[in-house]
2 protein chains.
Amino acid sequence: MNFINKLSAAWTANDSLLCVGLDPDMAKLPAQFQSAPDGIYQFCREIIDATADLACSFKPQIAYFAALGAEQQLEQICAYARANYPHIPLILDAKRGDIGATARQYAREAFDRYGADAVTVNPYMGSDSVEPYMEWSERGVIILCRTSNPGGSDLQFLNVDGKPLYQHVARLVAEKWNSNGQCALVVGATFPEELAQVRAIVGDMPLLVPGIGAQGGDIAATVRSGRTASGHGMMINSSRAILYAPQQAGEDFAAAARRVALETRDAINQYRAG
Amino acid sequence: MNFINKLSAAWTANDSLLCVGLDPDMAKLPAQFQSAPDGIYQFCREIIDATADLACSFKPQIAYFAALGAEQQLEQICAYARANYPHIPLILDAKRGDIGATARQYAREAFDRYGADAVTVNPYMGSDSVEPYMEWSERGVIILCRTSNPGGSDLQFLNVDGKPLYQHVARLVAEKWNSNGQCALVVGATFPEELAQVRAIVGDMPLLVPGIGAQGGDIAATVRSGRTASGHGMMINSSRAILYAPQQAGEDFAAAARRVALETRDAINQYRAG
């Protein structure tokens, strides 16, 4: 099953638009994981088990592994997720961007080595920096469009023929790069009006939406702006707010993560219809 | 010594603007390296030894290592270059781009794990995706501006208030992001006129210039367009043309690589003055 169909099935099966981001910052992990040689894997495995029936996707952020030389643990995490929750799309958040021959190496990294269903990529280098990923015809390519960080406007909001650059990227992807139906876009939750404008441009194309939770985006406005007519179409990511959820009496970290994931999923679902 | 000063010293010491790119494609390596468990490291070490007196920088491309799960060999290569040729700047070509907290992890990867003197980054996510690298005040940040691939124009040539986007990126870096003097730009060799325009915008800022050799850029036009008044200012990259140089009678791969590197350095030097 290809990425887009797998994502659609997960939206329905788990009644969820929540993407659980796996950004394992060693300093924030419970003490037992900081001292274990495969502590990052153990931690992420428990988060995956605790949230797999609540999520439409898992999204490991490779930078957290690369900084520590922990690629092998990322391989283990991906293998665990694929083996135990094969119906939940696995997104490698890598934001790669390079010319053709090099992009093909990054595609091999994401799809062959880690077995990801989709990978995030950067559009700045243009079509031939994105095409090599499409050779893996069952996989997805999630292209940066409008990002949720303060500096996102430096380039993305530049005025190109009367429209901000990010809208040109949305149009380019929708009208040209998505000819095989493998594309999705990253659009941050911090600008709901812009999310609505991207939705208007791209039809039902899935949107990966970071910026709720720790980054402060408003859930109601985000969902209302980004949903499709069928009430789906989004992977709304939360990472830190779930991974490092404050524990209530009687909870361990995994139970706290599950509680926050459930609350977030349900908060999102309040605004999917109507 | 910081990156920019180290680069200046290497330009002079080796009388060279040549950057030797390390893109070790397993299928193209001599047979003895394909079968060795650390063959990539062995191959790159020989290339480094064969060209270290001819280069102003070495530039490993991380995608080739990531595709194979060979990060440990990349660590070895970087350690070898730093230990044996500490005066030659080591550039990690990674083209990273992400929000602040994640960018900091990528900076740790490039600067702490691999010990690179500089790293290539993507500007699409804006200032706060670049700033974290600046915390390593002795290191360099080489920002994509105008790339040499066919699709480079898709975004970089969009018309922003009468100027192509890449010129806005050049201006943004020169006027704002480079406040600590740590920045350089990537500008492809396939568009010499655009290289000249970037040079006019950024003063003496170093430019990393891919696109000669296998990519077909013209050396004379490239050097004349990109040099500074002092005849420096560029790291002109060649990867495949050196790494996989056709061997002449009596040459092994390293001697062939050295010969092509020498020819390329000298071809560049013909056009540095006058």
Side-chain angles (χ1 to χ4, degrees), chain A residues 23 25 61-69 71-72 75 93-110 112-113 122-131 144 147-161 165 168-169 172 176-177 210 214-215 240, chain B residues 23 25 61-69 71-72 75 93-110 112-113 122-131 144 147-161 165 168-169 172 176-177 210 214-215 240:
Chain A
D23 301 12
D25 185 341
Q61 166 51 262
I62 196 169
Y64 288 86
F65 299 86
L68 300 172
E71 282 86 2
Q72 209 174 350
E75 289 177 3
D93 196 356
K95 301 188 178 69
R96 299 302 192 227
D98 215 305
I99 59 166
T102 306
R104 190 164 290 108
Q105 302 298 324
Y106 282 132
R108 291 177 61 193
E109 177 193 29
D112 293 344
R113 180 178 181 190
N122 188 306
Y124 190 71
M125 294 183 70
S127 57
D128 56 323
S129 73
V130 172
E131 279 161 12
L144 293 181
T147 64
S148 54
N149 58 312
S153 300
D154 288 342
L155 267 70
Q156 297 157 25
F157 213 70
L158 288 175
N159 180 351
V160 180
D161 299 329
L165 175 62
H168 286 263
V169 171
L172 201 57
K176 293 190 177 167
W177 299 359
Q215 290 183 61
R240 285 167 280 174
Chain B
D23 300 14
D25 185 340
Q61 166 51 261
I62 196 169
Y64 287 85
F65 299 86
L68 300 173
E71 283 87 2
Q72 209 174 347
E75 290 177 3
D93 197 356
K95 301 188 178 68
R96 300 301 192 224
D98 214 306
I99 59 167
T102 306
R104 191 164 289 106
Q105 302 298 324
Y106 282 131
R108 290 177 62 192
E109 177 192 28
D112 293 344
R113 180 179 183 192
N122 189 306
Y124 190 71
M125 294 182 71
S127 58
D128 55 325
S129 72
V130 172
E131 280 161 11
L144 293 180
T147 63
S148 53
N149 58 312
S153 300
D154 287 343
L155 268 69
Q156 297 157 25
F157 213 70
L158 288 175
N159 180 351
V160 179
D161 299 330
L165 175 62
H168 286 263
V169 171
L172 201 56
K176 294 191 177 166
W177 298 359
Q215 289 183 61
R240 285 167 279 174

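Each chain gets a letter, A, B and so on, in the order the sequences are listed, and its residues count up from 1. If you're wondering where the values come from, they're calculated on a predicted model, not measured in any experiment.
Looking only at side-chain heavy atoms (C-beta outward), V130(A) and P123(A) stay at 4.5 Å or farther from each other.
Atom CG of D161(B) is separated from atom CG of L158(A) by 7.5 Å, given to the nearest 0.5 angstrom. Remark: D154(A) CG to H168(B) NE2 distance equals 13.0 Å, nearest 0.5 Å. Atom CG of D98(B) and atom OH of Y124(B) lie 13.5 Å apart (nearest 0.5 Å). To the nearest 0.5 Å, atom OG of residue S129(A) and atom CD1 of residue I99(A) are 10.0 Å apart.
With a threshold of 4.5 angstrom between heavy atoms, N159(B) approaches chain A through its backbone and through its side chain. With a threshold of 4.5 angstrom between heavy atoms, D112(A) does not approach chain B through any atom at all. With a threshold of 4.5 angstrom between heavy atoms, R104(B) does not approach chain A through any atom at all. Contacts of L172(B) with chain A are made by side-chain atoms alone, with heavy-atom separations under 4.5 Å and no backbone atom involved. For A110(B), no part sits under 4.5 Å from any heavy atom of chain A, backbone or side chain. Residue T102(B) touches chain A through both its backbone and its side chain, counting heavy-atom pairs closer than 4.5 Å.
Salt-bridge formation is detected for the pair K95(B)/D93(B): a Lys NZ or Arg NE/NH1/NH2 atom is positioned less than 4.0 Å from an Asp or Glu carboxylate oxygen. Taking the charged nitrogens against the carboxylate oxygens, E71(A) and R113(B) do have a contact shorter than 4.0 Å, which makes a salt bridge.
Closest of all the heavy-atom pairs between L165(A) and L155(A) is CD2-O, 3.3 Å.
Per-residue heavy-atom pair counts under 4.5 Å with chain B were compared for N122(A), L68(A), D128(A), and the maximum is reached by D128(A). Of the residues considered (E75(B), E109(B), Q72(B), Q105(B)), Q105(B) shows the highest number of contacts with chain A, using heavy-atom pairs under 4.5 Å. Across S153(A), A94(A), P150(A), the residue that shares the most heavy-atom pairs under 4.5 angstrom with chain B is P150(A). For the set Q61(A), E131(A), R108(A), the entry with the most heavy-atom pairs within less than 4.5 Å of chain B is Q61(A). Ranked by non-hydrogen atom pairs under 4.5 Å with chain A, the options I62(B), D23(B), D25(B), L144(B) are led by L144(B).
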